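The block underneath contains the structure these notes are about, expressed in structure tokens.
Because the structure is a prediction, the values reported are computed rather than measured. Each ligand, and each atom within it, is numbered from 1 in the order the structure gives.
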Amino acid sequence: MAYIISDEAKDLLADVKKFCDKEVRQQCKEYDISGEFPKEIYDKALEIGLSAIEVPQQYGGLGLDHITCAALFEEMAKADAGFYTTMSASFLALTPVLLVGTEEQKKWACNKLVEGGYASFGLTEPMAGSDASNVKTTAVKDGDDYILNGRKCFITNAPVADFYVIIASTNKSKGVAGLSAFLVPKGTKGLSTGKHENKMGIRTSITSDVIMEDMRIPQSARLGREGTGFITAMKTLDMSRAYVGCGAVGIAQRALEEAVEYSKTRVTFGKPICQHEAIQFMIADMDIKTETARQMVAHALTLQQNGKPFSRESAIAKCYAGDIAVEVALDAIQILGGYGYSKEYPVEKLLRDAKIFQIYEGTNQIQRAVIAKAAMRMRK
Ligand code: COS
């Protein structure tokens, strides 16, 4: 099964699949080894407009609905999860701008992506990962400006971003209620990025620190009111988590397909292993998990699309999809046996790529905390 999308969206999906098959899948395998950022692949992706799929039409983007975007992101993740991560991280950064930005900020940021740019969401810090409100970066008022000092870490797209959304404290004494969000263009004096992280998986995405040293920005760069930064960040993550789920579904689907293909050709005890019940049951469970995760993603995004509450469902989709992506990738390795453990075959990469989906955009422990809180609020 797949997401239910319009005929027009199916044509677009077929084009994206063709692009991913021709330009991403094999090429990213090489870049996974070198750990280099595959600029030439991204240049082509930006050229065909993949950085504009979620940008609203009134700001020059394609303004695709959530389910269509999910179908496209799944296809990207199937080809390479680092590729998916790079493309979706820009929309993560655009989300707070669309949520609370002024018309001018929205136009400016959307235009950057429509023109073929990247963006970064800067919330995480060395001491503010799961404990996101423990942000140490400060933004101190100085006349009509703010001066920012601090360091963000594990920031996707940081070295290539055209703009950054930075969460900083404008009032330490107020704690969570003293955090504010800022829209920072690349090239701002005092802004720099750290070294490219040498990651276990999603190696075709680029990740680094963002360092702010006496970085002066005008008051007009603030997103929303002072003190609303944490809630804006939380709302942003609520919206993005189902999309993280669909990246995980892409990995699981690829692992399933690789395992099925192999099982048809590998012969043991006189027949292909796909004819052994032990393998069939594994394949069935891999499919059940992948499809269930996909439908959770679709459900959370449908609620979001229709203006219904979706925080719990988004957390469930992200958490479940991240967990099953690891399980399904492990099962694919098991079905391929010794070959599955070899770098000659694609499934060991799928496991390395899948692991981050239990960690980024809120660990699955944090998702469970969000889900438990929501469950405890439920009425009989
Ligand atoms: N939407 C709107 N408001 C929210 C919210 C949400 N999803 N989650 C929390 N808030 C509000 C709360 O209502 C509260 O406001 P009031 O003080 O007015 O009641 C405020 O934010 C603080 O909430 P809370 O006390 O629950 O915050 P915590 O510090 O306990 O943190 C978690 C809550 C753990 C959910 C949060 O820190 C989190 O999501 N951590 C993971 C961060 C993450 O995903 N990082 C990934 C990197 S970014 S790619």
Please tabulate, for side-chain N and O atoms in residues 52-63, each donor-acceptor pair with protein atoms closer than 3.5 Å (sequence neighbours left out).
residue, atom, partner, partner atom, Å
Gln57, NE2, Leu62, O, 3.3
Tyr59, OH, Glu103, OE1, 3.1
Tyr59, OH, Glu103, OE2, 2.8

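The nearest protein heavy atom to atom 47 (C) of ligand 1 is closer than 4.0 Å. Distance screen at 4.0 Å: atom 25 (O) of ligand 1 has no protein heavy-atom neighbour inside the cut-off. In this structure, atom 13 (O) of ligand 1 has no protein heavy-atom contact shorter than 4.0 Å. Within a 4.0 Å radius of atom 32 (C) of ligand 1, the protein has no heavy atom. The protein does not reach atom 16 (P) of ligand 1 closely, with no heavy atom under 4.0 angstrom from it. Counting only heavy atoms, the protein gets under 4.0 Å from atom 21 (O) of ligand 1.
In summary, Lys136 and Glu125 do not engage in a salt bridge, as defined by a charged side-chain N under 4.0 Å from a carboxylate O.
By the criterion of a heavy-atom distance under 4.0 Å, neither the backbone nor the side chain of Ala369 is placed next to ligand 1. Neither the backbone nor the side chain of Tyr360 has any atom closer than 4.0 Å to an atom of ligand 1 (non-hydrogen atoms only).
Relative ring orientation between Tyr339 and Tyr345 is described as tilted, the plane-to-plane angle lying within the 30° to 60° band.
Residue, atom and distance of the protein heavy atom nearest to atom 34 (C) of ligand 1 are Ile366 CD1, 3.8 Å. With respect to atom 23 (O) of ligand 1, the closest heavy atom belonging to the protein is Phe230 CE2, 4.0 Å. Atom 44 (O) of ligand 1 has as its closest protein heavy atom Arg241 NH2, 2.8 Å. Nearest non-hydrogen protein atom to atom 29 (O) of ligand 1 is Ser133 OG, 3.4 Å. For atom 35 (C) of ligand 1, the nearest non-hydrogen atom of the protein is Val370 CG2, 3.9 Å. With hydrogens left out, the protein atom closest to atom 18 (O) of ligand 1 is Ile231 CD1, 4.7 Å, a heavy atom. Among protein heavy atoms, atom 41 (C) of ligand 1 sits closest to Ser130 O, 3.4 Å.
Atoms of ligand 1 found under 4.0 Å from any heavy atom of Glu361 (numbered from 1 in listed order, with element): 44 (O), 46 (C), 49 (S). The atoms of ligand 1 that sit less than 4.0 Å from any heavy atom of Asp238 are 1 (N), 6 (C), 7 (N). Close approach of ligand 1 to Ala132 (heavy-atom distance below 4.0 Å) involves ligand atoms 37 (O), 40 (N), 42 (C). Those atoms of ligand 1 that come under 4.0 Å of a heavy atom in Thr124, given as number and element, are 47 (C), 48 (S). Distances below 4.0 Å separate heavy atoms of Leu237 from the following atoms of ligand 1: 43 (C), 44 (O), 48 (S). Close approach of ligand 1 to Gly362 (heavy-atom distance below 4.0 Å) involves ligand atoms 43 (C), 44 (O), 45 (N), 46 (C).
Judged purely by atom type and a 3.5 angstrom limit, Gln305 has no side-chain atom pairing as donor or acceptor with the backbone of Asp65. Under a 3.5 Å cut-off, the side chain of Asn111 and the backbone N or O of Lys107 do not form any donor-acceptor pair.
Residues Lys199 and Thr207 have side chains that bring a donor and an acceptor to within less than 3.5 angstrom of each other. Between the side chains of Thr85 and Ser205, no donor-acceptor pair of N or O atoms lies under 3.5 Å. Checked by atom type, the side-chain pair Asp238/Ser314 shows no donor-acceptor distance below 3.5 Å. Side chains of Glu291 and Gln295: a donor-acceptor N/O pair is present below 3.5 angstrom, by distance only.
Heavy-atom proximity to atom 6 (C) of ligand 1, evaluated over Lys373, Lys318, Met234, is greatest for Met234.
In this structure, Gly129 has a heavy atom closer than 4.0 Å to ligand 1.
Aromatic pair Phe37/Tyr42: ring centres closer than 6.0 Å.
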